[in-house]
Amino acid sequence: AYTVTGTTGSCVSTKKVTVSVSKPPVVKINPAVGIMCTGGSVNLNANGATVYSWSPAFGLNTTTGASVHGTPSVTTTYTVTGITNGCSDTQSIVVTVNPTPTVIVTPPYDTILAASGVNLAASGATSYTWSPVTGLNTSSGANVNAKPSASTQYVVTGTLNGCKDTQSVMIWVT
């Protein structure tokens, strides 16, 4: 609070002035790390302020508000500015767009005799999960041996940087 006194001749006037100092907002973005797959999306949420503005607009459903939905096609750095009582804070997040793998299974199909097997190989990702496990020597890895007792369709899911692709292979038993 400040007091100001003014005088003109014998006249004196006093006024009190109160100056309020607002604490600046501390803006945070959730999630702290933005990772998505090609063709996917990410929800970004800001908190710590009253009003929010996001940039760039590329890949966002809106540029205002605490929550935005992002569908960028390439890795993009988004910045949010939060304002409360005329004070602002700015934070940024890099949304990394990882490529979706393309899993290939060889052979794409096969016919085997009962009690025989076939080696199946998957490529295009870094880790693989196979199902159903019936007749397989393992349920993970790029190479498995399938020895089903009846015709079976196997499904392999390949993962690369958290992104997944699924392919199937039919093994006919005669």
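The structure displayed is predicted, hence computed values, not measured ones. The analysis underlying the following values was restricted to heavy atoms, covering all of them including side chains, and did not include hydrogens, waters or symmetry mates.
Side chains of T14 and T3 form a contact here, defined as non-hydrogen atoms less than 4.5 Å apart. At least one side-chain heavy atom of N137 sits less than 4.5 Å from a side-chain heavy atom of V144. By the 4.5 Å heavy-atom criterion applied to side chains, N30 and N43 are not counted as neighbours. For the pair D89/P24, no side-chain contact is recorded, criterion being any heavy-atom separation below 4.5 Å from C-beta on. Under the 4.5 Å side-chain criterion, counting only non-hydrogen atoms from C-beta, V94 is in contact with T96.
Applying the side-chain contact (heavy atoms from CB on, under 4.5 Å) test to T76 and every residue at least two apart in sequence or in another chain returns P56, F58, P72, V74, Y78. Residues satisfying the side-chain contact (heavy atoms from CB on, under 4.5 Å) test with S41, not counting sequence neighbours, are H69, T71. In this structure, the side-chain contact (heavy atoms from CB on, under 4.5 Å) partners of P107, at least two apart in sequence or on a different chain, are D110, V118, L120. Judged as a side-chain contact (heavy atoms from CB on, under 4.5 Å), and not counting sequence neighbours, the contacts of T63 are A57.
Of all non-hydrogen atoms in V12 and T7, the two that sit nearest each other are CG2-CG2, 3.5 Å. When all heavy atoms of P25 and G82 are compared, the pair lying nearest together is CG-O, 3.8 Å. When every heavy atom of A49 is checked against every heavy atom of V27, the shortest pair comes out as CB-CG2, 4.0 Å. Of all heavy-atom pairs spanning G34 and I93, the tightest one is N-CD1, 3.7 Å. Across every non-hydrogen atom of N45 and S67, the tightest pair is OD1-OG, 2.5 Å.
Interatomic distance, L44 CG to I29 CD1, rounded to the nearest 0.5 Å: 7.0 Å.
Criterion: ILVMFWY side-chain heavy atoms under 4.5 Å apart, direct or through other members. Under it, V80 and M36 are part of a common hydrophobic cluster. Tracing side-chain contacts under 4.5 Å through hydrophobic residues (I, L, V, M, F, W, Y), one never reaches I104 starting from L160; they form parts of separate clusters. Hydrophobic clustering (ILVMFWY, side-chain heavy atoms < 4.5 Å, transitive): I83 and W54 are in distinct clusters.
No side-chain N or O of T38 forms a donor-acceptor pair with one of T100 less than 3.5 Å apart.
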Please list, one pair per line, the donor and acceptor atoms closer than 3.5 Å that link side chains of residues 161-173 to other protein atoms, with sequence neighbours excluded.
from	atom 1	to	atom 2	distance (Å)
D165	OD2	V103	N	2.8
D165	OD2	Q167	NE2	3.4
T166	OG1	T157	OG1	3.3
S168	OG	Q153	NE2	2.9

In residues 128-136, what donor-acceptor pairs under 3.5 Å come from side-chain atoms, sequence neighbours left out?
from	atom 1	to	atom 2	distance (Å)
Y128	OH	G124	N	3.2
Y128	OH	A125	N	2.8
Y128	OH	A125	O	2.8
W130	NE1	G141	O	2.7

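Side-chain atoms of S116 never come within 3.5 Å of backbone atoms of A114 as a donor-acceptor pair (strictly under, hydrogens ignored). Proximity of a side-chain donor or acceptor of N98 to a complementary backbone N or O of C37 within less than 3.5 Å is not detected. A donor-acceptor contact shorter than 3.5 Å links the side chain of T84 to the backbone of T50.
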Stepwise side-chain contact (heavy atoms from CB on, under 4.5 Å) test for L113 and T174: CA-CA 5 Å; L113 297 174; T174 59; 3.5 Å; yes
